[in-house]
Colleague: 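Dumping the structure here so I can ask a few things about it.
Everything numeric here is computed off the predicted structure, so don't read it as measured data. We're numbering straight along the sequence, starting at 1.
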Amino acid sequence: MPEARLTAGTIHYEDSGGEGFPLVLLHGLAMDSRLWGEVVPQLTPDFRCIAPTLPLGSHREAMKPEADLSLRGLGRLVAEFIESLGVDSVTLCFSDWSGAQPMVADGLLGGVDALILVSCETEGNYPPGLAGRAAGLSAKLPGGLSLMRQMLLRPWSRRLPFIYGQMSKRGVPDELMREWLEPLHRAEIRRDLRSTRATSNRASAIWRPRPSRLAASSALS
């Protein structure tokens with residue numbers, strides 16, 4: 001798997017290659033690039049699909065201890081990753097987690113031709129819904145992320161409305177879920193996840209985007 005050595009640390013990603021227009025596909029909390037496993041074959045060869053694994057709990061290599069993994073810091077990480085690809089422009093697709101708003105506010109979309117927002121958080125709903133609030137509580141309580149990991153490993157608990165019951169029509173395969181959750185067994189990965197503040201309601205307070213000339217598209221259908 002290719003990797004990008006960024007200021008915050010090393011990001012691993014999947015790249016379909018080819019001559020199609022670059023499409024950068026981002027995932028959400030406690031997932032990795034394989035969220036897009038069934039989508040990428042449908043998009044290639046029309047698009048070059050690039051799917052990084054962000055430091056949101058399922059990454060295999062911890063970020064540097066001093067890395068800024070705040071919401072804005074993650075936006076800078078995404079912008080630096082896009083720059084590292086050496087392409088003129090990309091279409092940037094967010095799903096579940098969304099750093100699009102602070103990236104717009106901070107002027108970090110110079111290499112982005114268009115945005116696609118698929119079922120993402122918005123201001124006032126961050127982290128989103130029951131599942132997001134449960135994740136936020138887990139990050140604040142001692143041992144909470146380890147407990148969250150154990151609950152998500154059990155198929156019956158994943159079907160609860162405040163976990164994955166309202167997020168997945170057919171459920172996540174057990175083997176894939178185990179692989180997504182395995183990194184959370186390590187203290188340094190849990191540290192990264194807490195540092196992202198992707199589980200903090202305070203993050204929504206920075207969503208005050210300034211006007212941008214970037215045209216945003218709707219969602220993939």
Colleague: Which salt bridge (charged side-chain N to carboxylate O under 4.0 Å, His left out) pairs, counting each pair once, include a residue from residues 10-21, with sequence neighbours left out?
Modeller: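 Output for this query lists D15-R48.
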Colleague: Could you check whether any side-chain heavy atom of L77 comes within less than 4.5 Å of a side-chain heavy atom of L54, counting everything from C-beta outward?
Modeller: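 Yes. Closest side-chain heavy atoms under 4.5 Å.
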Colleague: Could I get the full list of side chain to side chain contact (heavy atoms under 4.5 Å, CB included) partners for E182, not counting sequence neighbours?
Modeller: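 Only R60 meet the side chain to side chain contact (heavy atoms under 4.5 Å, CB included) criterion with E182.
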Colleague: What heavy-atom pair brings L35 and W180 nearest, and what distance separates the two atoms?
Modeller: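 Nearest heavy atoms, L35 then W180: N-CZ2, 3.9 Å.
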Colleague: Listed by chain and number, what are the side chain to side chain donor-acceptor pair (under 3.5 Å) partners of T10, not counting sequence neighbours?
Modeller: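 Applying side chain to side chain donor-acceptor pair (under 3.5 Å) to T10 gives R5.
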Colleague: Quick one: list whatever passes side chain to side chain contact (heavy atoms under 4.5 Å, CB included) with A100, sequence neighbours left out.
Modeller: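 With neighbours one apart ignored, the set is F94, S98, L115, L117.
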Colleague: Which residues pass the salt bridge (charged side-chain N to carboxylate O under 4.0 Å, His left out) test with E179, not counting sequence neighbours?
Modeller: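 For E179, the residues satisfying salt bridge (charged side-chain N to carboxylate O under 4.0 Å, His left out) (neighbours in sequence not counted) are R34.
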Colleague: Kindly write out the residues that satisfy side chain to side chain donor-acceptor pair (under 3.5 Å) with D46, not counting sequence neighbours, or none if the list is empty.
Modeller: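 In terms of side chain to side chain donor-acceptor pair (under 3.5 Å), with neighbours along the sequence ignored, D46 is linked to no residue.
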Colleague: Not counting sequence neighbours, which residues clear side chain to side chain donor-acceptor pair (under 3.5 Å) with S84? List them please.
Modeller: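 Once residues adjacent in sequence are excluded, S84 has no partner under the side chain to side chain donor-acceptor pair (under 3.5 Å) criterion.
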Colleague: With sequence neighbours left out, which residue pairs that include part of residues 65-84 fulfil the ring-ring contact (aromatic ring centres under 6.0 Å, His included) condition?
Modeller: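 Sorted pair list: Y13-F81.
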Colleague: Under the side chain to side chain contact (heavy atoms under 4.5 Å, CB included) test, which residues partner E83, sequence neighbours left out?
Modeller: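 Listed in chain order: nothing, the list is empty.
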Colleague: Could you pull out all residues at least two apart from R190 that satisfy side chain to side chain contact (heavy atoms under 4.5 Å, CB included)?
Modeller: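 R190: side chain to side chain contact (heavy atoms under 4.5 Å, CB included) contacts with L145, S146, L184, A187, R194.
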Colleague: Would you please name every residue forming a salt bridge (charged side-chain N to carboxylate O under 4.0 Å, His left out) with E188, sequence neighbours left out?
Modeller: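 E188: salt bridge (charged side-chain N to carboxylate O under 4.0 Å, His left out) contacts with R186.
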Colleague: Test: ring-ring contact (aromatic ring centres under 6.0 Å, His included). Region: residues 46-70. Which pairs qualify, not counting sequence neighbours?
Modeller: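 Qualifying pairs: none.
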Colleague: Once rounded to the nearest 0.5 Å, what's the spacing between atom CE of M1 and atom NE2 of H12?
Modeller: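 It comes to 8.0 Å.
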